[in-house]
Amino acid sequence: MAFLSYLINGMGLGSVYAIIALGYTMVYGIAKMLNFAHGDVIMIGAYTAFYCLTVFKFSTFTSILIAVLLCTVLGILIERFAYKPLRKASSLSVLITAIGVSYFLQNLAQILFGTNPKVFPELMRNSTFSLFDGQLTLSYKTLLTIIVCILIMILLTIFVNKTKTGKAMRACSQDKEAAQLMGINVDNTISITFALGSGLAAIAAVLLCMTYSTFTPTLGSMPGIKAFTAAVFGGIGSIPGAFVGGLLLGIIETLTKAYLSTQLSDAIVFMVLIIVLLIRPTGLLGKKVHEKV
Amino acid sequence: MKKTIRKIFDKKHISRTISYLVVIAGFVIIQLLMNTIGIKSLFRSLLVPTCCYIVVALALNLVVGVSGELSLGHSGFMAVGAFTGIIISGLLEPYLAINWLRLLIAMFVGGIMAGIVGLFISVPVLKLQGDYLAIVTLAFCQIIKSLLNNVYLGVDINGLHFSFVENRISLAQGGRMLLSGPMGAIAITRLATFTAGFLLILFTLLIIYNLTYSRFGRSIMAARDNRIAAESVGIHIRNTKMLAFVISAILAGMAGALFGLNYSTLQPAKFDFNLSILILVYVVLGGLGNMTGTIISTMILYALPELLRGLQDYRMLIYSIILILIMLVTNNQTLKEKTENLITKIKSRFLKKGSVAHD
């Protein structure tokens, strides 16, 4: 039973990774860039939700909505001012710019909000429920996280596969020039992708703060790296890949912490990543691109 | 004799000469300043780390610029070099009193260890390409940091004591800990000197320029520019890339040893992912494959946050804005055209009409 409880907790953690990984993977799929500032958008989302809840005393739902909206706008602004002028630049220049944006957001947050850790208010009483005659205890938080993640996955899959914008996104990720010839506004599509990823980051921020309860301006960096790993794990550019990669990473991390070693869990997680990439060089669900001569 | 002189100043080798001149001039100027008017102790404390960062940046440029593979794991090699160097110097301390020789041995062994780790890593890493390679080197860097965080090593009259994850070492009297997990190394004898840093930069330049101007250098650049074409003329791509990667790791390890022996305490947490990124920024802003540019950009960018220290909290904010602006300006197409026009105008004014080189 202990195993099952670890497994479900791992799925909870993995769901948060999966939502963050979606932001990485969609942006990579369409703009072919590693958006290192994504983790810091999460942090901004966490602070927005925090101030909405504690200072302005908005309801939980309104606070989350404001956080999502603000992060969406932030994502569009970052794309417009930092990445758009570099559309034709080398990928390394874009990478460095993304790192610059990440430093900028982190240091701005340190100046605006201070470096002291903030305590996130309890959104739901930490109630647990038992199954199998009390042998398995689960918290509603974990369950809620998993449900939110699955819901997001379903909605996103429908959006990408059924709507016109989703079709445009898929077209742009395949071939930007051909998409433009078909009358798709490539610039707008890329902006929409950034907006969507950043909005998801805000939701991930709230879920992350519910689990860890305290946070600082560097909140986003470690989950950011982990989620990025999850995206690569599942095959970067693939939406189901991000989901699978995130869940697996969360489960592996929780199980190694429980059964092997807490201190070495990071090392083991990254080792698993390397082994997976050696066997499948484009990730679990990534497409293999054949080289043309 | 004439041939050697021509070799120093001809078009092909001039960049190498400039690199050496920049480094030597920098060393001479700083030495003169130190011996005449004296320099602030804050500035003096930056000298050795600057040398180390220059060496690591040059080593990374060999991988990113010359060989064309993105590595985010060079702080890992630095960490291996640093802690190996500290252990070696700590072990040799009772037997070898000559400081510079101990430093040399520590740097040598640190470099070799980092090279072995680099060789071990390069086998799986170079199977992958592009962003996947970047993430795997990043993962290796995290693994190295995470492992070093759990190593406990002590020495006493009975010999070496090693323990992993938990500290189970009980030392005899007179024994001392060399590494203690997340606390890292404590009470290191500081051996690093500015002269050693300067000599290491010269050594690095010697290695890198001799490599790039050789048959190896030409084949690795061919592999970077067109993999398939290079393969079809018989270049063994994996071996050439592996050689570049391992040499880069050795140089980074040597710089790491010097870096580690410059402080009295050192934690493994210092060698995190951000350090790799920092060095990558130096390389990209200095220009891929451009060694002189790397040296200058490292000096400026490492000193910049220190120069902005007066602005306190705002310094890193300003640093990040400068970073973004540099990237935006250097990649601005209209600006590029305008500067190019300006340069041709100036050239034509100096060289008179009609004699402008068309290249």
Side-chain angles (χ1 to χ4, degrees), chain A residues 28 32-34 36 81-82 85-108 110-111 115 221-222 225-226 228-229 231-233 236-237 261-275 277-278 281-283 286 289 291-293, chain B residues 64 70 72 121 123-125 127-136 138-147 149-150 164-166 181-182 227-229 232 272-274 277-278 280-281 283-285 288 313-333:
Chain A
Y28 185 86
K32 294 283 175 288
M33 66 165 287
L34 303 175
F36 268 108
F81 289 107
L86 298 174
R87 229 12 85 71
K88 289 194 178 72
S90 75
S91 66
L92 261 179
S93 311
V94 187
L95 185 75
I96 302 287
T97 314
I99 290 159
V101 174
S102 162
Y103 281 175
F104 175 76
L105 290 178
Q106 254 179 47
N107 288 291
L108 190 70
Q110 272 177 18
I111 291 165
T115 42
S221 60
M222 205 53 205
I225 292 181
K226 290 270 177 66
F228 175 41
T229 311
V232 176
F233 201 58
I236 197 154
S261 157
T262 321
Q263 290 107 309
L264 289 178
S265 75
D266 276 2
I268 293 167
V269 165
F270 286 114
M271 263 178 217
V272 172
L273 169 83
I274 292 169
I275 293 166
L277 283 184
L278 282 181
T282 47
V289 183
E291 230 172 332
K292 274 182 230 160
V293 182
Chain B
V64 181
L70 179 57
L72 296 175
I121 290 173
V123 175
V125 156
K127 273 189 176 175
L128 304 164
Q129 276 172 32
D131 299 315
Y132 286 96
L133 193 135
I135 185 79
V136 169
L138 169 73
F140 268 116
C141 165
Q142 295 279 355
I143 291 172
I144 289 171
K145 194 186 85 183
S146 185
L147 291 179
N149 257 329
N150 290 295
F164 195 59
V165 179
E166 277 169 79
R227 198 187 170 93
I228 295 161
S232 64
D272 62 351
F273 158 68
N274 284 325
I277 292 287
L278 199 73
L280 183 68
V281 170
V283 172
V284 175
L285 290 189
L288 292 179
D313 295 343
Y314 295 94
R315 69 191 183 110
M316 284 313 285
L317 194 71
I318 294 170
Y319 180 79
S320 64
I321 294 171
I322 292 175
L323 199 64
I324 298 170
L325 286 181
I326 291 175
M327 281 344 280
L328 291 184
V329 169
T330 50
N331 284 295
N332 194 320
Q333 213 58 43

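Lettering follows sequence order; numbering is per chain, from 1. What you see is a predicted model; the values in this text were computed from it and never measured.
- In this structure, chain A has a heavy atom under 4.5 Å from the side chain of B:V284, while its backbone stays farther away.
- Proximity of B:N331 to A:K88: side-chain heavy atoms (C-beta onward) are nowhere separated by under 4.5 Å.
- Taking the side chain as every heavy atom from C-beta outward, B:Q142 and A:I225 approach each other to under 4.5 Å.
- Ranked by heavy-atom pairs under 4.5 Å with chain B, the list A:N107, A:I268, A:L277 is led by A:N107.
- A:A82 approaches A:T97 most closely through the heavy-atom pair O-CG2, 3.8 Å.
- Of the two parts of B:V64, only the side chain, counted from C-beta on, holds a non-hydrogen atom closer than 4.5 Å to a non-hydrogen atom of chain A.
- With chain B as the partner, the residue from A:S93, A:P85, A:S91 showing the most heavy-atom pairs under 4.5 Å is A:S93.
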**Worked check of side chain to side chain contact (heavy atoms under 4.5 Å, CB included) between B:N149 and A:Q263** = CA-CA 8 Å; B:N149 257 329; A:Q263 290 107 309; over 6 Å; no
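- Contacts of B:L317 with chain A are made by both backbone and side-chain atoms, with heavy-atom separations under 4.5 Å.
- Within the 4.5 angstrom heavy-atom criterion, atoms from both the backbone and the side chain of B:L280 approach chain A.
- Annotation: side chain of A:L86 is not in contact with side chain of A:M33 (no heavy-atom distance under 4.5 Å).
- Only the side chain of B:N150 has a heavy atom closer than 4.5 Å to any heavy atom of chain A.
- Interface remark: of the candidates B:L288, B:L147, B:I324, B:L323, B:I324 forms the most heavy-atom pairs closer than 4.5 Å to chain A.
- Looking at B:L325, neither its backbone nor its side chain comes within 4.5 Å of chain A, counting heavy atoms on both sides.
- Contacts with chain B were tallied for A:L264, A:L34, A:L108, A:L95; A:L264 has the most, counting heavy-atom pairs under 4.5 Å.
- Among the candidates B:I277, B:N274, B:I135, the residue making the largest number of heavy-atom pairs closer than 4.5 Å to chain A is B:I135.
- For the set A:L273, A:L105, A:V94, A:I99, the entry with the most heavy-atom pairs within less than 4.5 Å of chain B is A:I99.
- Between A:G100 and B:S320 the shortest heavy-atom distance is O-CB, 3.5 Å.
- In this pair, B:F273 and A:F36 present their aromatic rings tilted. The plane angle is within the 30 to 60° band.
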**Asked** Could you go step by step and tell me if B:L138 and A:F270 meet the side chain to side chain contact (heavy atoms under 4.5 Å, CB included) rule?
**Response** CA-CA 9 Å; B:L138 169 73; A:F270 286 114; 5.7 Å; no
